[in-house]
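Have a look at the structure below before the remarks.
Lettering follows sequence order; numbering is per chain, from 1.
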There are 2 protein chains.
Amino acid sequence: MTKAENTRSGILRRAFSLIYQKGYQATSIDDILVDSPVTKGAFFYHFKNKEEMGLAMIQEIMYPGMYDVLVTPLNNSTNPVEELYLMMHNLLLKSPFFQVKYGCPAVNLIEEMAPLNEAFKQALSKLILQWQKAIITNVNNGKNTGSIKPDVNAEQVACFITAGYGGVRNIGKLLGTACYHSYLHELKKYLNQLQ
Amino acid sequence: MTKAENTRSGILRRAFSLIYQKGYQATSIDDILVDSPVTKGAFFYHFKNKEEMGLAMIQEIMYPGMYDVLVTPLNNSTNPVEELYLMMHNLLLKSPFFQVKYGCPAVNLIEEMAPLNEAFKQALSKLILQWQKAIITNVNNGKNTGSIKPDVNAEQVACFITAGYGGVRNIGKLLGTACYHSYLHELKKYLNQLQ
DNA sequence: CATAAAAGATACTACTTGGTATGTTTTACG
DNA sequence: CGTAAAACATACCAAGTAGTATCTTTTATG
């Protein structure tokens, strides 16, 4: 990685961390640059404006991160229902970067920016559609191998699961990890009923 | 209602509408007052600062609204499972004020403010705990009358349902009403499994 | 009506924000 | 090495922000 690439990705990583904790609009460019070797000149050399930086952050930080944690594990699974539960379990309880009080970076950004900015909305849509697609494939695998009932609608299941995730990240901000465990418990019941 | 009470609640109602669409931090006091007969002097006569106005908005606008739509209908119900589904159905599809692209005011505010402001977090916790309490009572009614299985954990169910709601409001911002219907379909399956 | 307090209006300030203008340094490459 | 472009640094600005100081009007009450 060249020095220039390094400053660019440094900006994005730091922006990601701050935006995760404070929100996109509440995180100023100065916030991103303070206590950092990078200056405003470098920032605006690499990004036309704050919006382009935000979109780059989604594509270069959030999208790959999501793909590794959510899509890859689902693709090569033997037991679909078990794998879906594990995905959620690991996502909620085993992601070292995530903090309960700050929720999920993607959910936060959707909540804040989807209604305000069409470009953000498009970029974030791709993100969760990719996740839903992986779940759909997984469910259809289960239907093909007979471990999931044939009348199950994979698209609806994917929507239900991704929605539940976003919601529990939201409530977790208020009630802490306890509701993660409640959610997982009921999710298991829901998933079993698909079998 | 006296004239003063009217200006006060006028500020709160207008703040609620704008904050619903733009977020709390992105809504300036000037935004709230522009195209309105109320001036800044009146605003700061009625509220010590923006934070107190926001807290008053939660208590005087959001809390009563939530109570009417979510708690009251659940309290006097004959068929708990059916009532829970109807609550969600009406909430998602029959609330005239809500718009898919803007989600739910309470969910939005939790997402944005819970990690940033302890007073907001407390006020919003009361809000959703009240809702969860109503669901718990409802489920326990069902357990007592035999329409819900005795091994069902009411607290967990409440958590699961409220989480699902918040999440589908989030995803709805990206994917529109289609996912509301998907969610409702799967929610019904989940609820039936409690019987 | 008188008057004190409540309610509201106006003008201002200190500070933050995204962005720019203009400079200097570093790097790639013939 | 020389030089042009890439990469970065510094100083600044116009717009917007929450909040204040100070004044005027309205309202309730004896």
### Within residues 37-51 of chain A, residues whose heavy atoms come under 4.0 Å of DNA chain C
A:Lys40, A:Phe44, A:Asn49, A:Lys50
### Task
Rounded to the nearest angstrom, tell me the gap between atom CD1 in B:Ile32 and atom C1' in D:dG19.
14 Å
## Note on the structure
Rounded to whole Å, CG of B:Asp31 lies from P of D:dA15 at a distance of 17 Å
### Query
D:dG16 P sits how many Å from A:Ile29 CD1, rounded?
17 Å
#### Entry: Within 6.0 Å of NZ in B:Lys149, more than 12 heavy atoms from elsewhere
yes
### Query
Should B:Arg8 and B:Glu60 count as an ion pair when the cut-off is N to O under 4.0 Å?
yes
### Query
Roughly, in whole Å, what's the span from CZ in A:Arg8 to C1' in D:dC8?
15 Å
### Query
When you check the gap from the basic side-chain N to the acidic O, do A:Arg14 and A:Asp31 get nearer than 4.0 Å?
no
### Query
Is any side-chain heavy atom of A:Gln130 closer than 4.5 Å to a side-chain heavy atom of A:Val71?
yes
### Message
Name the residue from A:Tyr180, A:Trp131, A:Phe160 that meets the ring-ring contact (aromatic ring centres under 6.0 Å, His included) definition with A:Tyr165.
### Response
A:Trp131
### Message
In this structure, how many angstroms lie between the C1' atom of D:dA6 and the CG atom of A:Asn6, rounded?
### Response
16 Å
### Task
Could you check how far CG of B:Asp30 sits from C1' of D:dT17, rounded to whole Å?
7 Å
### Query
Hey, does the side chain of B:Thr7 come within less than 4.0 Å of C:dA7's phosphate (OP1/OP2), counting only N and O?
no
### Query
Please give, in whole Å, the distance from C:dT16 P to A:Gln25 CD?
19 Å
### Task
Provide, to the nearest angstrom, the distance between the NZ atom belonging to A:Lys22 and the P atom belonging to C:dT16.
12 Å
### Message
Heavy-atom nearest nucleotide on DNA chain D for B:Tyr24 versus B:Thr2: which residue maps closer to 5'?
### Response
B:Tyr24
### Message
Any side-chain N or O of B:Ser28 below 4.0 angstrom from OP1/OP2 of D:dG16?
### Response
no
### Message
Tell me if the aromatic rings of B:Tyr190 and B:Tyr85 count as close, with their centers under 6.0 Å from one another.
### Response
no
### Message
Below 30° counts as parallel, above 60° as perpendicular, anything between as tilted: where do the rings of A:Phe47 and A:Phe43 land?
### Response
tilted
